[in-house]
Amino acid sequence: AVVGDGGVELRDARRRDVAVGEQAAVGFQLGLLVTQRFAGLQSNLAAVFDADAPIVVERSMYWPDTPSWQEAHNSAGLTSAARRWVLAEGEVGGTQDVQSYVLVANPNAVDVTATLTVLREGGRPSVSRTHTVRAAGRLTVNLAEFALESGERCSVVVDAAGPVAVEEAFDPGSGEY
């Protein structure tokens with residue numbers, strides 16, 4: 001299933017059944033598959049992969065989006081959701097203009113609240129914000145919304161009212177991260 005903001009399932013999105021041989025790999029460009037069918041869609045996306053045998057799923061992003069990409073980040077798929085997640089690193093701004101994001105996916109059939117608590121370096125007071133993550137939806141939170149000082153590093157604790165999947169992503173603005 002492909003899901004957009006607010007848990008709206010893109011029912012016309014392509015379902016692909018793919019036979020994958022033993023010790024083989026298959027790649028999908030989710031954004032390309034969706035935008036070909038939903039021109040102009042501006043949405044956070046999530047995908048669900050089902051298999052009849054154990055698989056490994058990951059999300060990789062490369063930029064700039066050209067054949068000679070210079071930067072990338074990657075997140076492995078999860079085997080289960082949880083109510084609490086602790087992310088070890090985050091940074092906003094600084095000499096490299098880093099942007100850090102926390103991505104929260106809600107696989108539940110009901111909305112879930114998630115409280116993000118930023119644990120700041122140097123004993124500075126922590127900062128918390130609570131967000132609603134729509135049923136079967138995804139939320140992207142830019143750590144810049146926590147008004148950290150430029151270049152400040154932090155950790156993030158996510159506490160949710162129901163099981164969620166969480167990952168962090170970085171945009172190293174200068175290309176030198």
Side-chain angles (χ1 to χ4, degrees), residues 1-10 30-31 34-35 38 40-49 57-63 65 71-177:
V2 177
V3 180
D5 280 334
V8 177
E9 184 171 350
L10 305 177
L30 180 60
V34 172
T35 55
F38 301 94
L41 175 70
Q42 295 294 319
S43 180
N44 294 313
L45 298 174
V48 177
F49 294 87
V57 176
E58 67 178 358
R59 180 185 63 79
S60 299
M61 293 183 68
Y62 307 95
W63 60 92
D65 190 19
E71 301 169 12
H73 67 87
N74 178 279
S75 294
L78 304 170
T79 57
S80 65
R83 289 176 178 240
R84 174 169 257 213
W85 294 88
V86 180
L87 306 174
E89 57 185 348
E91 183 178 352
V92 175
T95 59
Q96 298 175 7
D97 194 27
V98 175
Q99 296 300 311
S100 298
Y101 302 89
V102 176
L103 306 120
V104 183
N106 176 7
N108 303 293
V110 297
D111 293 356
V112 169
T113 57
T115 300
L116 282 68
T117 302
V118 173
L119 307 176
R120 304 167 71 189
E121 279 188 329
R124 294 180 180 112
S126 61
V127 182
S128 296
R129 300 246 192 299
T130 300
H131 295 272
T132 298
V133 187
R134 302 281 305 265
R138 195 189 92 176
L139 172 73
T140 300
V141 178
N142 185 335
L143 290 185
E145 84 173 45
F146 288 86
L148 303 176
E149 295 177 22
S150 181
E152 185 175 349
R153 295 181 180 171
C154 62
S155 296
V156 180
V157 177
V158 179
D159 287 302
V164 294
V166 173
E167 70 173 303
E168 57 189 342
F170 301 96
D171 179 359
S174 70
E176 300 174 11
Y177 193 76

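Values below: all heavy atoms of this structure, side chains included; hydrogens, waters and symmetry mates excluded.
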Give the minimum heavy-atom separation between [X] and [Y], together with the two atoms involved.
X	Y	value
D159	R84	OD1-NE, 2.6 Å
G162	V112	N-CG1, 3.4 Å
E91	S100	O-OG, 2.6 Å
S155	A88	OG-O, 2.8 Å
A165	A81	N-CB, 4.2 Å
C154	L143	SG-CD1, 3.9 Å

Any donor-acceptor pair under 3.5 Å from [X] side chain to [Y] backbone:
X	Y	value
R83	A161	yes
W85	V104	no
N108	V110	no
D111	A135	yes
S150	G94	yes

Query raised in the report: Nearest 0.5 Å, what's the CZ-CG distance between R138 and N106?
Result: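 Spacing of CZ (R138) from CG (N106) equals 13.0 Å.
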
Query raised in the report: Once you round to the nearest 0.5 Å, how far does CG of L148 lie from CZ of R153?
Result: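 Reported value, rounded in 0.5 Å steps: 13.0 Å.
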
Query raised in the report: Taking everything shown except R120 itself, do over 12 heavy atoms lie less than 6.0 Å from its CZ?
Result: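 Atom CZ in R120 is packed in, count exceeds 12.
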
Query raised in the report: Can you name the residues that form a salt bridge (charged side-chain N to carboxylate O under 4.0 Å, His left out) with E149, not counting sequence neighbours?
Result: R124

Query raised in the report: Can you list the residues that meet the side-chain hydrogen bond (donor to acceptor under 3.5 Å, both in side chains) rule with R129, with sequence neighbours excluded?
Result: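 For R129, no residue satisfies side-chain hydrogen bond (donor to acceptor under 3.5 Å, both in side chains) once neighbours in sequence are set aside.
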
Report task. State, without any angle test, whether R134 and T132 hold a side-chain donor-acceptor pair at a distance under 3.5 Å. Result ->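 Their side chains do not contain a donor-acceptor pair, so the 3.5 Å distance test is not met.
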
Query raised in the report: Does some side-chain heavy atom of F146 sit less than 4.5 Å from a side-chain heavy atom of L116?
Result: yes

